[in-house]
Undergrad: 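Take this structure first; my questions come after.
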Number of protein chains: 2
Amino acid sequence: MSNNQFKRGELYSVINGMASTAVARRLQKNFRLAGLEITIEQWSVLYHLWKQDGLSQQELCNRTFRDKPSITRLLDNLEKQKLVKRMPSKDDRRINLVCLTESAKLLQDKTIELANQTMDEALIGVGKNEIEIVKQVFQKVYDNLL
Amino acid sequence: MSNNQFKRGELYSVINGMASTAVARRLQKNFRLAGLEITIEQWSVLYHLWKQDGLSQQELCNRTFRDKPSITRLLDNLEKQKLVKRMPSKDDRRINLVCLTESAKLLQDKTIELANQTMDEALIGVGKNEIEIVKQVFQKVYDNLL
DNA sequence: GACATATAGTTAGTTATGCAACTATTTCAA
DNA sequence: TTGAAATAGTTGCATAACTAACTATATGTC
């Protein structure tokens with residue numbers, strides 16, 4: 001049994017360590033090589049805004065799985081780089097709507113292309129079924145811990 | 001095709017976002033609830049030292065997939081908490097051998113038990129075959145990006 | 001033996017994360 | 001309608017990550 005226990009411990013490192021880190025580093029490197037000055041965390045926020053512009057900060061928290069302070073500070077940096085702008089909502093004065101600037105819109109195609117290219121590099125030799133299973137397992141894990 | 005591209009982008013978020021973060025947070029919470037004052041990053045260093053004590057810092061970098069400054073500072077904090085001690089190597093004066101203290105040895109069983117318990121919570125409803133596939137995919141991803 | 005190169009580790013600066021405590025606004029119920 | 005509770009967002013503090021530049025020691029070649 002203790003052998004089995006160690007295997008679970010190692011699975012923890014698998015889920016949380018090497019592969020995620022490797023993918024993140026490679027994507028960051030590919031951004032840098034392309035002359036793009038954004039972090040992958042900033043990119044993941046932009047990614048959701050490209051799908052739907054004008055989200056509230058809370059909605060960005062939900063979609064990126066981050067807490068509120070993290071989003072506050074990511075947006076501070078994105079605003080410094082003039083990639084987003086906080087617009088106070090007229091309906092509810094507690095809410096900021098986060099809107100893309102023109103220069104952020106220009107980044108969309110290039111960076112998504114780089115992300116796809118990075119995932120292609122990462123997934124060489126991995127079948128579609130296996131990818132589907134990984135997605136399902138991760139969804140279950142997330143739901144289990146909600 | 002552009003539909004397919006977006007799916008790859010989403011796979012990126014899957015691998016790098018929700019599940020890993022959720023597992024990490026839960027394990028940290030379980031440590032805290034058990035009155036343990038270590039971070040999961042510190043734990044992951046101890047984990048490799050429990051398997052083999054007296055590793056060099058470089059070897060810890062390789063095994064934990066971290067860079068050298070990260071290990072330097074993790075060890076600084078672990079030394080402050082009197083969980084490890086850097087011992088200069090006699091063979092090669094550039095090298096520090098990182099050794100566990102007695103109190104670090106006492107943490108092993110308890111924390112590995114908590115990690116296993118956390119993985120059990122996370123993996124409810126996930127079959128053994130699926131877990132095996134996730135491990136294989138992650139290994140391939142890591143090898144692809146090496 | 002001497003000098004270029006490689007390796008081990010540290011330091012400094014920027015970004016990001018988690019938690020806790022805080023302000024401001026809205027909602028809802030007595 | 002007033003006052004408690006919920007919600008949106010910010011700030012402060014600690015830890016951790018990456019890059020780049022640095023020191024010290026070891027290696028290997030002329």
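Just so it is clear, the model here is predicted, and its values are computed rather than measured. So that the names make sense, note that chain A is the first sequence line, chain B the second, and so on, each numbered from 1. Quick note: numbers below take in every heavy atom, side chains included, and nothing from hydrogens, waters or symmetry partners.
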Undergrad: Side chain of B:Asn30, backbone of B:Leu114: donor and acceptor closer than 3.5 Å?
TA: no
Undergrad: For the side chain of B:Lys68, starting at C-beta, report the closest nucleotide among D:dA17, C:dT10, D:dT15.
TA: C:dT10
Undergrad: Side chain of A:Asn77 only, heavy atoms from C-beta on: which candidate in D:dT10, C:dA16, D:dA16 is closest?
TA: C:dA16
Undergrad: Apply ring-ring contact (aromatic ring centres under 6.0 Å, His included) to A:Phe138 and B:Phe138, showing your working.
TA: CA-CA 12 Å; A:Phe138 274 50; B:Phe138 273 52; 5.5 Å; yes
Undergrad: I need the residues from residues 88-97 of chain B with at least one non-hydrogen atom less than 4.0 Å from DNA chain D; give them sorted by number, or say none.
TA: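 B:Asp92, B:Arg93, B:Arg94 - these, ordered by number, are the residues of the stretch whose heavy atoms sit under 4.0 Å from the strand.
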Undergrad: Just how far, in rounded Å, is C1' of C:dT14 from CD1 of A:Ile38?
TA: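 A:Ile38 atom CD1 is separated from C:dT14 atom C1' by 16 Å.
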Undergrad: For A:Glu59 and A:Arg63, run salt bridge (Lys or Arg N to Asp or Glu O under 4.0 Å): C-alpha distance rounded to whole Å, both residues' side-chain angles, the deciding distance at 0.1 Å, then the answer.
TA: CA-CA 6 Å; A:Glu59 194 51 45; A:Arg63 300 196 187 190; 2.9 Å; yes
Undergrad: Looking at every strand, decide which applies to A:Thr39 at a 4.0 Å heavy-atom threshold: base, sugar-phosphate, or nothing.
TA: sugar-phosphate
Undergrad: At under 4.0 Å between heavy atoms, what does A:Leu74 touch on the DNA or RNA strands: base, sugar-phosphate, or nothing?
TA: sugar-phosphate
Undergrad: Less than 4.0 Å between a side-chain N and a carboxylate O, is that true for A:Arg86 and A:Glu79?
TA: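 Counted as a salt bridge, because a side-chain N and a carboxylate O are separated by less than 4.0 Å.
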Undergrad: Assign a letter to each nucleotide of nucleotides 18-23 of chain D from its 5' end: B, base within under 4.0 Å of a protein heavy atom; S, sugar-phosphate only; -, no contact.
TA: BBB---
Undergrad: Do B:Lys105 and B:Glu102 meet the salt-bridge criterion of a basic N to acidic O distance under 4.0 Å?
TA: yes
Undergrad: Would you mind reading off the distance between B:Glu41 atom CD and D:dA14 atom P, rounded to a whole angstrom?
TA: 17 Å
